[in-house]
Amino acid sequence: MIAKETRNEVLDWVDTRLADLSDWHQVIFHFGETAWREYRSADWYVKRLRDEGFTVEEGSGGMPTAFCATWRNGDGPVIGGYAEYDAVPGNCQAADTLERPRDGLTAHAGGHTDPHSALGISSLGGFLAAKKSMESHRIPGTLKFLGEPAEKVRGSKPIHAAAGYYDDLDAAISFHPFYMPPLCNTVRWDTHCGAAYAMIYSFRCEQPETWLAGSDGADSPIPAAHASARAPGANDALVMMYQTSKSLREHMISAGCGWSMNECILTAGQATADNLPARLAQIQYIVRVPDIDMAERVRKVLDANAQAAAQANHCSWGLNWVSKSRPGLSNHSLARTTYRNLEAVGAPVFNHGKAVHVAREIQRNLGIEPMDRPFLDITESLIDPLDAEAELRTRIPAWQEHFTSDDYTEYCWHAPTVRLYIARPTLASPKPGYQYPAWVMNALGGIPETIDPMIECAAKTIGLTVVDLLTKPDLLETAEEEFSRRTGGGRGGDLWQAPLCDYPPPVNFRWPEYVTTARGTHWWMD
């Protein structure tokens, strides 16, 4: 009876506070802050958690927009979870049924795509629901809830892991909105996310005056006289590396596995239109691969490209790490428990009520005949983890152990960890081959009528799983035994992979952000 009451209290808390969760999500969605610059979002979480009775360390791991919050209810297991709240530059979409940026901004500003705004609030809701049940029924244990910034560049979790923030966890729950089938209303089974490396290559033209020293411009009092040949400089080096790395992609890793490499130019220019070279240029690469060995191979090629580009353009070069994240580790015991709780909660429902009216209005605005059931059917049904695993394996070679990338994988090496996926609102295609514009998904992730069903379902499933872990010793023991077996003896075991992070938090680079000047608050490149 007590077990039933503890679970019912979780469900009742979410039902009672769903309007609050919805309002809280709107706050984070409209902040739209991007990697390493989520100041208002982190501050909101810190204040909210303190109001809920948590003890909060701000700036955990040396990251200004990270935090570590704990709430203790006597001696017992430590259960971990987290919020993400970083948005994506160039995706500033209003929570509206037509394409437009949020008020006062342009489309170049940050916006939530996955959406991490709802990811964080869903997880927070689950932990607060579990906390309420723990208080009412005197369930001992500790809740540890972390703020994880910069996930889009795989930023904070490798740093938190290396700094020991996960070492006291007995289990961890990772949630993410659905982003690809079959990972929809299910949990990961064997094939977890892979490794990721992210790094910034900097080119500096430190002695431009020594380029072609002794030429016919040597007698000029200005070393870079307007009519003299000038050093190519940092911009040229960056462009050369960019082009070389594009052309050598197929020579980095075999095409027989799913992997990706994406780049972002952080800084370029630094010179006027005068005959002066650019002194500094920086480009970031992020590599998502099945394992660490592949990541190292890609990095070696990129290093060689950087060295060649620097030498050709009279520059020095350097590498700064943004992320080194490990591939994931499965835990079937925790996955089964979480999925059973998802079955008890049921899949979210989108093809109902006001959400349908919103979806049909979007379709009308796109010139599409409104559909009777505008949302994808798969968003309203569950998929058994074994079935999801079987379908996922059809997309990758038999030897490949990991697929796609997310840095929740860092938790997996410090405690039994589950990866939960709940459907986000996704429109069905009106005809074969039709692709909705990207703004549609972004908008649906911010409109309360369409995103709230996901938040409700995820919060309830997470809350129930936390309570199960605290009230069923056999469950936690079984999960820990599996963790020990897969790591060859637990943390430090023969199969265990230690944190790869050996670098400081990369917070001081020129990351995109909102800036305030005498002209007001603006996105940095508007």
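Numbers for residues simply follow the sequence, beginning at 1.
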What residue pairs, at least two apart or across chains, pass salt bridge (Lys or Arg N to Asp or Glu O under 4.0 Å) with a residue in residues 56-69?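 The answer is R50-E58.
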Can a donor-acceptor pair be found, under 3.5 Å and without considering hydrogens, that links the side chain of S123 to the backbone of G120?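 Absent.
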Test ring-ring contact (aromatic ring centres under 6.0 Å, His included) applied to F203 - qualifying residues, sequence neighbours left out: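 By the ring-ring contact (aromatic ring centres under 6.0 Å, His included) rule, F203 matches no residue at all.
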Does anything in residues 430-450 pair up under ring-ring contact (aromatic ring centres under 6.0 Å, His included), and if so which pairs, sequence neighbours excluded?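 Pairs touching residues 430-450 that pass the test: Y434-Y436.
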Measuring only between side-chain heavy atoms, which start at C-beta, is [X] closer than 4.5 Å to [Y]?
| X | Y | value |
| --- | --- | --- |
| Y514 | L105 | yes |
| Y165 | S60 | yes |
| E33 | R40 | yes |
| W24 | D20 | yes |

Mind checking side-chain hydrogen bond (donor to acceptor under 3.5 Å, both in side chains) for [X] and listing every partner two or more places apart, or none if nothing turns up?
| X | value |
| --- | --- |
| T186 | none |
| W511 | none |
| D12 | none |

Going by the side chain to side chain contact (heavy atoms under 4.5 Å, CB included) test, name the single residue among V239, N235, I283 that passes it with I265.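 Filter result, single survivor: I283.
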Between L49 and F127, is a side-chain contact (heavy atoms from CB on, under 4.5 Å) present by the stated rule, with each step listed? CA-CA 11 Å; L49 286 158; F127 271 70; over 6 Å; no
Using 4.0 Å as the upper bound for N to carboxylate O, is an ion pair formed by D406 and R419?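 Answer for the salt bridge query: yes.
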